[in-house]
Amino acid sequence: MKDQNQLDEKLNSEGMRAISEMVKGLPDDIPSMSWRSQLNERILAEAKPKKAFDLHRWLLRPAIGLGLAAALALVVVFRPIAPDTTGSSVESLMIATHQDDVNYASVTGAGLSVDEMTEFSNPTPVADPLLDLDVF
Amino acid sequence: MEAGAEEALIERCRRQDVEAFGKFVDAYQARVYGFVKRMVNNADEAADVTQEVFIRAFQSFTRFDGRSSVRTWLFRIANNLCIDRSRRLGRTPKSVGFGSDFEDGEEMEVSDSRWQPESLALDAELIQVVELGIAEMSEKLRMVLLLHDREEMSYEEIAETLSVPVGTVKSRLFLARAHLQSVVKRYMTEGGNA
(Lines give C-alpha, C1' and ligand atoms only; values in the text may rest on other atoms or scores of the structure.)
Protein backbone atom coordinates (compact mmCIF):
# COMPACT_ATOMS: atom_id res chain seq x y z
CA MET A 1 0.00 0.00 0.00
CA LYS A 2 2.86 2.30 0.94
CA ASP A 3 4.63 1.45 -2.30
CA GLN A 4 1.45 2.19 -4.22
CA ASN A 5 1.14 5.59 -2.57
CA GLN A 6 4.77 6.36 -3.36
CA LEU A 7 4.19 5.32 -6.94
CA ASP A 8 1.11 7.54 -7.15
CA GLU A 9 3.12 10.46 -5.79
CA LYS A 10 5.90 9.90 -8.31
CA LEU A 11 3.42 9.62 -11.16
CA ASN A 12 1.89 12.93 -10.13
CA SER A 13 5.22 14.72 -9.82
CA GLU A 14 5.88 17.74 -11.99
CA GLY A 15 8.40 15.98 -14.21
CA MET A 16 6.11 13.03 -14.86
CA ARG A 17 3.16 15.29 -15.60
CA ALA A 18 5.30 17.23 -18.05
CA ILE A 19 6.13 14.02 -19.90
CA SER A 20 2.46 13.11 -19.87
CA GLU A 21 1.56 16.48 -21.40
CA MET A 22 4.27 16.05 -23.99
CA VAL A 23 2.89 12.67 -25.05
CA LYS A 24 -0.62 14.11 -25.11
CA GLY A 25 0.57 16.98 -27.30
CA LEU A 26 2.05 14.78 -30.00
CA PRO A 27 0.36 15.46 -33.34
CA ASP A 28 -2.52 13.26 -34.43
CA ASP A 29 -2.20 10.97 -37.39
CA ILE A 30 -5.13 10.74 -39.74
CA PRO A 31 -5.46 7.86 -42.18
CA SER A 32 -5.70 8.73 -45.86
CA MET A 33 -8.93 9.02 -47.86
CA SER A 34 -7.99 5.97 -49.93
CA TRP A 35 -7.54 4.02 -46.70
CA ARG A 36 -11.03 5.07 -45.66
CA SER A 37 -12.67 4.16 -48.96
CA GLN A 38 -10.94 0.79 -48.87
CA LEU A 39 -12.28 0.25 -45.36
CA ASN A 40 -15.79 1.22 -46.49
CA GLU A 41 -15.63 -1.38 -49.26
CA ARG A 42 -14.54 -4.05 -46.81
CA ILE A 43 -17.31 -3.14 -44.38
CA LEU A 44 -19.90 -3.31 -47.17
CA ALA A 45 -18.52 -6.67 -48.22
CA GLU A 46 -18.85 -7.86 -44.62
CA ALA A 47 -22.41 -6.56 -44.37
CA LYS A 48 -23.76 -8.15 -47.59
CA PRO A 49 -23.18 -11.83 -46.78
CA LYS A 50 -24.77 -11.17 -43.44
CA LYS A 51 -28.04 -10.10 -45.08
CA ALA A 52 -28.01 -13.11 -47.42
CA PHE A 53 -27.36 -15.34 -44.45
CA ASP A 54 -30.35 -13.85 -42.59
CA LEU A 55 -32.65 -14.48 -45.55
CA HIS A 56 -31.43 -18.03 -45.74
CA ARG A 57 -31.82 -18.49 -42.02
CA TRP A 58 -35.27 -16.99 -41.61
CA LEU A 59 -37.02 -18.13 -44.79
CA LEU A 60 -35.34 -21.05 -46.46
CA ARG A 61 -34.39 -23.13 -43.46
CA PRO A 62 -37.89 -23.36 -41.94
CA ALA A 63 -39.30 -24.22 -45.36
CA ILE A 64 -36.80 -27.04 -45.78
CA GLY A 65 -37.51 -28.25 -42.26
CA LEU A 66 -41.27 -28.28 -42.81
CA GLY A 67 -40.89 -30.14 -46.07
CA LEU A 68 -38.74 -32.82 -44.48
CA ALA A 69 -41.14 -33.18 -41.55
CA ALA A 70 -44.12 -33.56 -43.91
CA ALA A 71 -42.32 -36.20 -45.97
CA LEU A 72 -41.42 -38.11 -42.82
CA ALA A 73 -45.02 -37.96 -41.58
CA LEU A 74 -46.30 -39.31 -44.90
CA VAL A 75 -43.87 -42.22 -44.78
CA VAL A 76 -44.84 -43.08 -41.21
CA VAL A 77 -48.62 -42.77 -41.70
CA PHE A 78 -48.87 -44.53 -45.08
CA ARG A 79 -46.25 -47.18 -44.50
CA PRO A 80 -47.24 -50.39 -46.40
CA ILE A 81 -47.63 -53.36 -44.08
CA ALA A 82 -46.25 -56.54 -45.66
CA PRO A 83 -48.19 -59.76 -44.81
CA ASP A 84 -46.43 -62.31 -42.73
CA THR A 85 -45.52 -65.22 -44.98
CA THR A 86 -42.81 -66.70 -42.87
CA GLY A 87 -44.99 -68.53 -40.35
CA SER A 88 -46.43 -72.01 -40.64
CA SER A 89 -50.05 -71.13 -40.03
CA VAL A 90 -52.74 -71.86 -42.62
CA GLU A 91 -53.09 -68.17 -43.34
CA SER A 92 -49.38 -67.77 -43.98
CA LEU A 93 -49.31 -70.80 -46.27
CA MET A 94 -52.30 -69.50 -48.21
CA ILE A 95 -50.70 -66.14 -48.65
CA ALA A 96 -47.45 -67.74 -49.74
CA THR A 97 -49.26 -69.91 -52.28
CA HIS A 98 -51.17 -66.93 -53.60
CA GLN A 99 -47.99 -64.93 -53.99
CA ASP A 100 -46.35 -67.83 -55.83
CA ASP A 101 -49.32 -67.98 -58.19
CA VAL A 102 -49.13 -64.28 -58.83
CA ASN A 103 -45.43 -64.56 -59.58
CA TYR A 104 -45.97 -67.48 -61.96
CA ALA A 105 -48.79 -65.65 -63.68
CA SER A 106 -46.61 -62.62 -64.23
CA VAL A 107 -44.05 -64.81 -65.96
CA THR A 108 -46.21 -67.27 -67.89
CA GLY A 109 -49.40 -65.34 -68.50
CA ALA A 110 -52.87 -65.56 -67.08
CA GLY A 111 -54.54 -68.94 -66.81
CA LEU A 112 -51.45 -71.13 -67.10
CA SER A 113 -49.88 -72.95 -64.26
CA VAL A 114 -46.27 -74.03 -64.19
CA ASP A 115 -47.19 -77.52 -65.23
CA GLU A 116 -49.31 -76.25 -68.13
CA MET A 117 -46.55 -73.97 -69.24
CA THR A 118 -44.11 -76.89 -69.29
CA GLU A 119 -46.55 -79.11 -71.19
CA PHE A 120 -47.36 -76.58 -73.92
CA SER A 121 -43.79 -75.52 -74.36
CA ASN A 122 -42.90 -79.18 -75.18
CA PRO A 123 -46.00 -80.66 -77.01
CA THR A 124 -45.98 -84.38 -77.73
CA PRO A 125 -45.25 -84.80 -81.45
CA VAL A 126 -48.05 -86.37 -83.49
CA ALA A 127 -46.82 -89.18 -85.67
CA ASP A 128 -49.41 -88.87 -88.46
CA PRO A 129 -51.20 -85.56 -88.93
CA LEU A 130 -54.04 -87.27 -90.78
CA LEU A 131 -54.48 -89.71 -87.99
CA ASP A 132 -54.95 -86.84 -85.81
CA LEU A 133 -57.72 -85.52 -88.06
CA ASP A 134 -59.60 -88.77 -87.57
CA VAL A 135 -60.42 -87.63 -84.15
CA PHE A 136 -62.96 -85.23 -85.65
CA MET B 1 -19.83 12.80 -28.74
CA GLU B 2 -22.63 13.05 -26.17
CA ALA B 3 -23.35 9.99 -24.08
CA GLY B 4 -26.91 9.61 -25.39
CA ALA B 5 -25.88 10.05 -29.01
CA GLU B 6 -23.04 7.57 -28.58
CA GLU B 7 -25.39 5.06 -26.96
CA ALA B 8 -27.79 5.36 -29.90
CA LEU B 9 -24.91 5.00 -32.35
CA ILE B 10 -23.65 1.90 -30.57
CA GLU B 11 -27.12 0.38 -30.63
CA ARG B 12 -27.30 0.89 -34.39
CA CYS B 13 -23.81 -0.55 -34.81
CA ARG B 14 -24.97 -3.62 -32.88
CA ARG B 15 -27.63 -4.10 -35.55
CA GLN B 16 -24.88 -4.01 -38.19
CA ASP B 17 -26.01 -0.64 -39.53
CA VAL B 18 -23.28 0.26 -42.03
CA GLU B 19 -24.02 3.99 -41.97
CA ALA B 20 -23.84 4.12 -38.17
CA PHE B 21 -20.64 2.14 -38.21
CA GLY B 22 -19.19 4.68 -40.66
CA LYS B 23 -19.82 7.40 -38.07
CA PHE B 24 -18.24 5.21 -35.43
CA VAL B 25 -15.14 4.89 -37.63
CA ASP B 26 -15.10 8.68 -38.12
CA ALA B 27 -15.08 9.16 -34.37
CA TYR B 28 -12.27 6.73 -33.60
CA GLN B 29 -10.13 6.25 -36.72
CA ALA B 30 -7.49 8.86 -35.89
CA ARG B 31 -7.06 7.67 -32.31
CA VAL B 32 -6.88 4.00 -33.23
CA TYR B 33 -4.56 4.67 -36.16
CA GLY B 34 -2.30 6.83 -33.97
CA PHE B 35 -2.14 4.12 -31.32
CA VAL B 36 -1.47 1.32 -33.81
CA LYS B 37 1.12 3.34 -35.73
CA ARG B 38 3.11 3.96 -32.58
CA MET B 39 2.76 0.31 -31.61
CA VAL B 40 3.93 -1.15 -34.93
CA ASN B 41 6.30 1.68 -35.94
CA ASN B 42 5.34 1.42 -39.58
CA ALA B 43 2.73 3.55 -41.35
CA ASP B 44 1.72 0.99 -43.99
CA GLU B 45 1.40 -1.84 -41.51
CA ALA B 46 -0.45 0.48 -39.15
CA ALA B 47 -2.98 1.23 -41.90
CA ASP B 48 -3.55 -2.50 -42.46
CA VAL B 49 -3.83 -3.31 -38.76
CA THR B 50 -6.20 -0.38 -38.18
CA GLN B 51 -8.47 -1.62 -40.96
CA GLU B 52 -8.45 -5.02 -39.35
CA VAL B 53 -9.37 -3.45 -36.01
CA PHE B 54 -12.49 -1.86 -37.49
CA ILE B 55 -13.43 -4.97 -39.46
CA ARG B 56 -13.18 -7.05 -36.28
CA ALA B 57 -15.20 -4.43 -34.43
CA PHE B 58 -17.91 -4.53 -37.10
CA GLN B 59 -18.01 -8.33 -37.04
CA SER B 60 -18.20 -8.57 -33.27
CA PHE B 61 -20.37 -5.55 -32.47
CA THR B 62 -23.37 -7.85 -31.99
CA ARG B 63 -21.48 -9.42 -29.08
CA PHE B 64 -20.51 -6.10 -27.47
CA ASP B 65 -22.38 -6.23 -24.17
CA GLY B 66 -21.61 -2.73 -22.89
CA ARG B 67 -19.92 -3.91 -19.69
CA SER B 68 -16.89 -1.83 -20.60
CA SER B 69 -16.91 1.40 -22.55
CA VAL B 70 -16.86 1.08 -26.32
CA ARG B 71 -13.49 2.86 -26.35
CA THR B 72 -11.98 0.30 -23.95
CA TRP B 73 -13.44 -2.50 -26.07
CA LEU B 74 -12.10 -1.00 -29.30
CA PHE B 75 -8.62 -0.43 -27.93
CA ARG B 76 -8.60 -3.96 -26.55
CA ILE B 77 -9.16 -5.22 -30.11
CA ALA B 78 -6.41 -2.90 -31.37
CA ASN B 79 -4.05 -3.99 -28.65
CA ASN B 80 -4.69 -7.68 -29.25
CA LEU B 81 -4.10 -7.31 -32.98
CA CYS B 82 -0.83 -5.48 -32.34
CA ILE B 83 0.28 -8.27 -30.00
CA ASP B 84 -0.77 -10.92 -32.55
CA ARG B 85 1.20 -9.18 -35.25
CA SER B 86 4.23 -8.88 -33.02
CA ARG B 87 4.08 -12.60 -32.16
CA ARG B 88 3.62 -13.52 -35.79
CA LEU B 89 6.72 -11.57 -36.72
CA GLY B 90 8.56 -13.08 -33.76
CA ARG B 91 9.70 -9.74 -32.50
CA THR B 92 11.18 -9.57 -29.04
CA PRO B 93 10.83 -6.55 -26.78
CA LYS B 94 13.47 -3.98 -27.40
CA SER B 95 16.16 -2.86 -25.05
CA VAL B 96 14.04 -0.61 -22.88
CA GLY B 97 11.84 -2.59 -20.60
CA PHE B 98 11.68 -4.17 -17.19
CA GLY B 99 15.02 -4.58 -15.53
CA SER B 100 16.47 -1.65 -17.41
CA ASP B 101 18.57 1.03 -15.82
CA PHE B 102 15.49 3.01 -14.80
CA GLU B 103 14.73 0.69 -11.98
CA ASP B 104 17.71 1.82 -9.94
CA GLY B 105 16.20 5.27 -9.54
CA GLU B 106 19.18 7.18 -10.83
CA GLU B 107 17.66 8.00 -14.21
CA MET B 108 14.33 8.90 -12.69
CA GLU B 109 15.74 11.74 -10.63
CA VAL B 110 14.03 14.90 -11.79
CA SER B 111 15.97 17.40 -9.74
CA ASP B 112 18.49 17.97 -12.53
CA SER B 113 18.80 21.71 -13.12
CA ARG B 114 18.61 21.19 -16.87
CA TRP B 115 15.27 19.51 -16.47
CA GLN B 116 12.72 22.29 -16.73
CA PRO B 117 9.46 20.81 -17.89
CA GLU B 118 7.64 24.11 -18.03
CA SER B 119 10.08 25.42 -20.61
CA LEU B 120 9.69 22.46 -22.90
CA ALA B 121 7.92 23.32 -26.09
CA LEU B 122 7.03 20.62 -28.55
CA ASP B 123 8.95 21.75 -31.58
CA ALA B 124 9.39 19.45 -34.56
CA GLU B 125 12.74 18.16 -33.35
CA LEU B 126 11.53 17.44 -29.85
CA ILE B 127 8.47 15.68 -31.26
CA GLN B 128 10.80 13.43 -33.21
CA VAL B 129 12.87 12.76 -30.08
CA VAL B 130 9.76 11.84 -28.09
CA GLU B 131 8.43 9.64 -30.90
CA LEU B 132 11.78 7.82 -31.07
CA GLY B 133 11.77 7.45 -27.29
CA ILE B 134 8.32 5.86 -27.48
CA ALA B 135 9.37 3.61 -30.36
CA GLU B 136 12.35 2.15 -28.49
CA MET B 137 10.33 1.14 -25.44
CA SER B 138 9.15 -2.41 -24.91
CA GLU B 139 5.61 -3.01 -26.15
CA LYS B 140 4.28 -3.42 -22.62
CA LEU B 141 5.48 0.00 -21.53
CA ARG B 142 4.44 1.63 -24.79
CA MET B 143 0.89 0.29 -24.58
CA VAL B 144 0.35 1.66 -21.09
CA LEU B 145 1.91 5.03 -21.89
CA LEU B 146 -0.19 5.49 -25.02
CA LEU B 147 -3.44 4.31 -23.47
CA HIS B 148 -3.00 6.52 -20.40
CA ASP B 149 -1.31 9.65 -21.70
CA ARG B 150 -2.68 9.72 -25.27
CA GLU B 151 -6.06 8.11 -24.90
CA GLU B 152 -6.60 9.36 -21.36
CA MET B 153 -7.83 6.00 -20.17
CA SER B 154 -8.00 5.42 -16.43
CA TYR B 155 -5.73 2.94 -14.67
CA GLU B 156 -8.73 0.66 -14.19
CA GLU B 157 -9.69 0.79 -17.88
CA ILE B 158 -6.12 -0.02 -18.92
CA ALA B 159 -5.94 -2.84 -16.39
CA GLU B 160 -9.13 -4.27 -17.88
CA THR B 161 -7.91 -3.80 -21.45
CA LEU B 162 -4.58 -5.49 -20.81
CA SER B 163 -5.83 -7.98 -18.20
CA VAL B 164 -3.22 -6.94 -15.64
CA PRO B 165 -3.54 -5.54 -12.09
CA VAL B 166 -3.85 -1.79 -11.60
CA GLY B 167 -0.52 -1.75 -9.73
CA THR B 168 1.20 -3.22 -12.78
CA VAL B 169 -0.33 -0.52 -14.95
CA LYS B 170 1.05 2.18 -12.66
CA SER B 171 4.53 0.71 -12.48
CA ARG B 172 4.68 0.30 -16.26
CA LEU B 173 3.50 3.87 -16.74
CA PHE B 174 6.17 5.06 -14.34
CA LEU B 175 8.90 3.17 -16.19
CA ALA B 176 7.67 4.42 -19.54
CA ARG B 177 7.59 8.04 -18.47
CA ALA B 178 10.95 7.71 -16.76
CA HIS B 179 12.42 6.42 -19.99
CA LEU B 180 11.00 9.33 -21.95
CA GLN B 181 12.27 11.71 -19.31
CA SER B 182 15.80 10.39 -19.72
CA VAL B 183 15.52 10.59 -23.51
CA VAL B 184 14.41 14.22 -23.37
CA LYS B 185 17.11 15.05 -20.82
CA ARG B 186 19.74 13.47 -23.03
CA TYR B 187 18.46 15.54 -25.94
CA MET B 188 18.69 18.71 -23.86
CA THR B 189 22.17 17.83 -22.59
CA GLU B 190 23.41 17.34 -26.11
CA GLY B 191 22.23 20.84 -26.92
CA GLY B 192 19.13 20.05 -28.88
CA ASN B 193 17.09 22.60 -26.97
CA ALA B 194 19.79 25.20 -26.55
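So you know, we letter chains A, B, ... as the sequences are listed, proteins then strands, and number each from 1. Model, not experiment: these values are computed from the prediction.
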Query raised in the report: Are side-chain N/O atoms of A/N40 and A/R36 paired as donor and acceptor at under 3.5 Å?
Result: yes
Query raised in the report: So B/T72 and B/E160, side-chain hydrogen bond (donor to acceptor under 3.5 Å, both in side chains) or not? Walk me through it.
Result: CA-CA 8 Å; B/T72 306; B/E160 192 192 329; 5.5 Å; no
Query raised in the report: Parallel under 30°, tilted from 30 to 60°, perpendicular over 60°: which one fits the rings of B/F54 and B/F21?
Result: perpendicular
Report task. Below 4.5 Å from any heavy atom of chain A, which atoms of B/K170 appear? Answer side chain, backbone, both or neither. Result -> both
Report summary line: Under 4.5 Å to a heavy atom of chain A? For B/E151 that would be neither
Requested in this report: Check whether B/R31 gets within reach of chain A through its side chain, its backbone, both or neither, counting any heavy atom under 4.5 Å.
Outcome: neither
Report task. Evaluate the ring planes of B/F64 and B/W73, with Trp represented by its six-membered ring, and classify them as parallel (under 30°), tilted (30 to 60°) or perpendicular (over 60°). Result -> tilted
Requested in this report: Heavy atoms only, distances under 4.5 angstrom: which of A/I30, A/L11, A/D28, A/D8 has the most pairs with chain B? Name it, please.
Outcome: A/L11
